[in-house]
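Written out below as structure tokens is the structure these notes cover.
Residue numbers run from 1 in the order of the sequence given. Values reported hereafter were calculated over all heavy atoms of this structure, with side chains retained and with hydrogens, waters and symmetry mates removed.
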Amino acid sequence: MVAPVPELLARARELLAEYPVVDGHNDLPWALREIGYDLDERDLATDLSAHQHTDIPRMRAGGLGAQFWSVFVRSDYAGDQAVSATLEQIDVVRRFVDRYPDDLRLALTADDMEAARAEGRIASLMGAEGGHSIDCSLGTLRALYELGVRYMTLTHNDNVPWADSATDDPGVGGLSPFGHEVVREMNRLGMLVDLSHVAPTTMRAALRTSEAPVIFSHSSARSVCDHVRNIPDGVLEQLPANGGVAMVTFVPKFILPEAIEWTLAADANMSANGLHPLDTSAEGMRVQRAFEAANPRPLATAKTVADHLDHMREVAGVDHLGIGGDYDGVAFTPADLADVSGYPTLIAELLDRGWSEADLAKLTWRNAVRVLRAAEDVSRDLRARRGPSIATFEALDGKSRR
């Protein structure tokens, strides 16, 4: 691993001072859930590097200007449990935004994002990760929107009754009739349709239905790393017509082919120790670090991420790219992108590869703001033409949600 050229790193920081990073996915709320949402124990204004990837000093050091906080709950949560846990996740985001008003600002619109940037604050948005969070209810979807959720990932690692996940067996062949109605209602609300985690059939079905740009909040290029969580070129090629944005992720197993098998072994070790593979608690990390010590892992770097961005730019175009690190949602990160302070290293790598500052401004800030603004424009038009959908899963899909 070679350190960035100091001049390039300085240029990267200057660029990020004007066009900071909009990161599409950070799992800090889940990390806080692991400790009972105790904001005194984990004071975000202090250095928390011993516990997690994210705190305000490192967000500032990394040039972060807007963050979509994932109000994720695991997909083995179901029904009312998933809904109530999602509400608790939303609650903690609002609590820590209120707690640090000099640094964070709740953002519900693209204008809010720009206002936060002008004020020197970090815009805080929310995204729900997985359709299980709405329990097959469009009324619940609308309630999440009213509480500030501005994207929903249609699935997490498991199928939902109306949409297929990339990491589960095919269920409905992409989207069911109710799944299409979910996308239509998200368009009407102005909630971004997030296609990370979903099967390619679901990606294509959503792109056919959506009248607004979609996002991939944390996915990379399948042609560069053949993992089912990544985006096939045929889907990337559809983004210009849709107007959407693919936000490259930093998760090693999604960006480095050699890391796929290693991570499967690490996950199996977690399960053998009675822990969920996504457990990032102190005990979970103790088990992970012991496994890593005995089985050195292949190291991804900023160059690995840049390889994905180079390919995605070639296929989709620079107007359709963004960044979604997935910090605090994984045990391991690239060697030189260890936490949220690392974005300047990636930007310096892209500068070294000849990316222009105008193109980097699109990658870091402009594309993400544009796509939310476009979703708002579509919403205004649709709300003028139709009211809230009263369709039900039972009526459209012909079966019970249970």
Looking at Ser389, is its backbone amide N or carbonyl O close enough to the side chain of Arg184 to form a donor-acceptor pair, meaning the two atoms are under 3.5 Å apart? no
Asp27 side chain near Arg33 side chain, heavy-atom distance below 4.5 Å: no
Determine whether Phe216 and Met203 satisfy the following criterion, side-chain contact (heavy atoms from CB on, under 4.5 Å), listing intermediate values before the conclusion. CA-CA 10 Å; Phe216 292 82; Met203 297 176 191; 3.7 Å; yes
Looking at Trp355, is Arg313 sitting on its ring face, NZ or CZ under 6.0 Å from the six-membered ring centre and within 45 degrees of the normal? yes
After noting the C-alpha distance and the side-chain angles of Thr155 and His197, does the key distance pass the side-chain hydrogen bond (donor to acceptor under 3.5 Å, both in side chains) rule? CA-CA 6 Å; Thr155 75; His197 278 287; 5.8 Å; no
If we ignore angles and hydrogens, is there a donor and acceptor under 3.5 Å between the side chains of His218 and Tyr327? no
Could you state the interatomic distance from CG (Leu39) to CZ (Arg99), rounded to the nearest 0.5 Å? 5.0 Å
What distance do Glu129 atom CD and Met152 atom CE have between them, rounded to the nearest 0.5 Å? 12.0 Å
Side chains of Asn230 and Ser219: is there a donor and an acceptor less than 3.5 Å apart? no
Shortest non-hydrogen pair, Pro277 vs Ser271, comes out as CG-OG, 3.9 Å
Distance-only, no hydrogens or angles: does the Asn242 side chain make a donor-acceptor pair with backbone N or O of Ala212 under 3.5 Å? yes
Spell out, as yes or no, whether a donor-acceptor pair under 3.5 Å connects the side chain of Gln67 to the backbone of Ser124. no
Given side-chain contact (heavy atoms from CB on, under 4.5 Å), test Val97 with Arg105 step by step and report yes or no. CA-CA 6 Å; Val97 170; Arg105 171 180 170 148; 5.8 Å; no
Step-by-step side-chain contact (heavy atoms from CB on, under 4.5 Å) determination, Glu376 to Thr109: CA-CA 8 Å; Glu376 293 165 7; Thr109 66; 3.3 Å; yes
With no hydrogens and no angle check, just 3.5 Å: does a side-chain donor-acceptor pair link Thr301 and Asp336? no
Non-neighbouring partners of Trp30 that pass ring pair (Phe, Tyr, Trp, His ring centres under 6.0 Å), sequence neighbours left out: Phe72
Determine whether a donor-acceptor pair (N or O, by modelled atom type, separation under 3.5 Å) exists between the side chain of Asp279 and the backbone of Leu275. no
Determine whether Leu48 and Thr46 satisfy the following criterion, side-chain contact (heavy atoms from CB on, under 4.5 Å), listing intermediate values before the conclusion. CA-CA 6 Å; Leu48 296 173; Thr46 64; 3.7 Å; yes
If you measure from CD1 on Ile231 to CG on Leu195, what distance do you get to the nearest 0.5 Å? 8.5 Å
Would you check, one step at a time, whether the test side-chain hydrogen bond (donor to acceptor under 3.5 Å, both in side chains) holds for Ser75 with Asn157? CA-CA 7 Å; Ser75 53; Asn157 287 339; 5.5 Å; no
Just checking, is any N or O donor in the side chain of Thr54 or Asp328 under 3.5 Å from an acceptor N or O on the other one? yes
Does Ser70 reach the main-chain N or O of His25 with its side chain, forming a donor-acceptor pair under 3.5 Å? no
Between Tyr19 and Arg366, a side-chain donor and acceptor under 3.5 Å: yes
Which heavy atom of Tyr77 sits nearest a heavy atom of His132, and at what distance? O-CD2, 3.7 Å
Would the distance check show the side chain of Asn367 and the main-chain N or O of Gly322 forming a donor-acceptor pair, the cut-off being under 3.5 Å? no
Could you check Arg142 against Glu185 for salt bridge (charged side-chain N to carboxylate O under 4.0 Å, His left out), going step by step and ending with a plain yes or no? CA-CA 8 Å; Arg142 288 189 285 272; Glu185 186 65 3; 2.9 Å; yes
Does the distance from a Lys or Arg side-chain N to an Asp or Glu carboxylate O, for Arg353 and Asp307, drop under 4.0 Å? yes
Side-chain donor/acceptor of Trp262 to backbone N/O of Asn295, under 3.5 Å: yes
Check for a donor-acceptor pair, side chain of Tyr151 on one end and backbone N or O of Asp194 on the other, with a separation under 3.5 Å. no
Can you find a side-chain donor-acceptor pair between Thr202 and Asp164 that sits under 3.5 Å? no
Identify whether NZ of Lys or CZ of Arg in Arg150 sits under 6.0 Å from the centre of the six-membered ring of Phe68 and within 45° of that ring's axis. no
Could you pull out the closest heavy-atom pair between Val228 and Arg222, with the gap in Å? CG1-NH2, 3.5 Å
So does Arg385 pair up with Asp381, basic N to acidic O under 4.0 Å? yes
Quick check: does any side chain N or O of Asp135 sit under 3.5 Å from a backbone N or O of Ala82, one acting as donor and the other as acceptor? no
Hey, what's the ring geometry for Phe250 with Tyr343, parallel, tilted or perpendicular (30° and 60° as the breaks)? tilted
May I ask you to check whether Tyr37 and Asp91 show a side-chain donor-acceptor distance below 3.5 Å? no
Looking only at heavy atoms, the pair that brings Pro161 and Val172 closest together is O-CG1, 3.5 Å
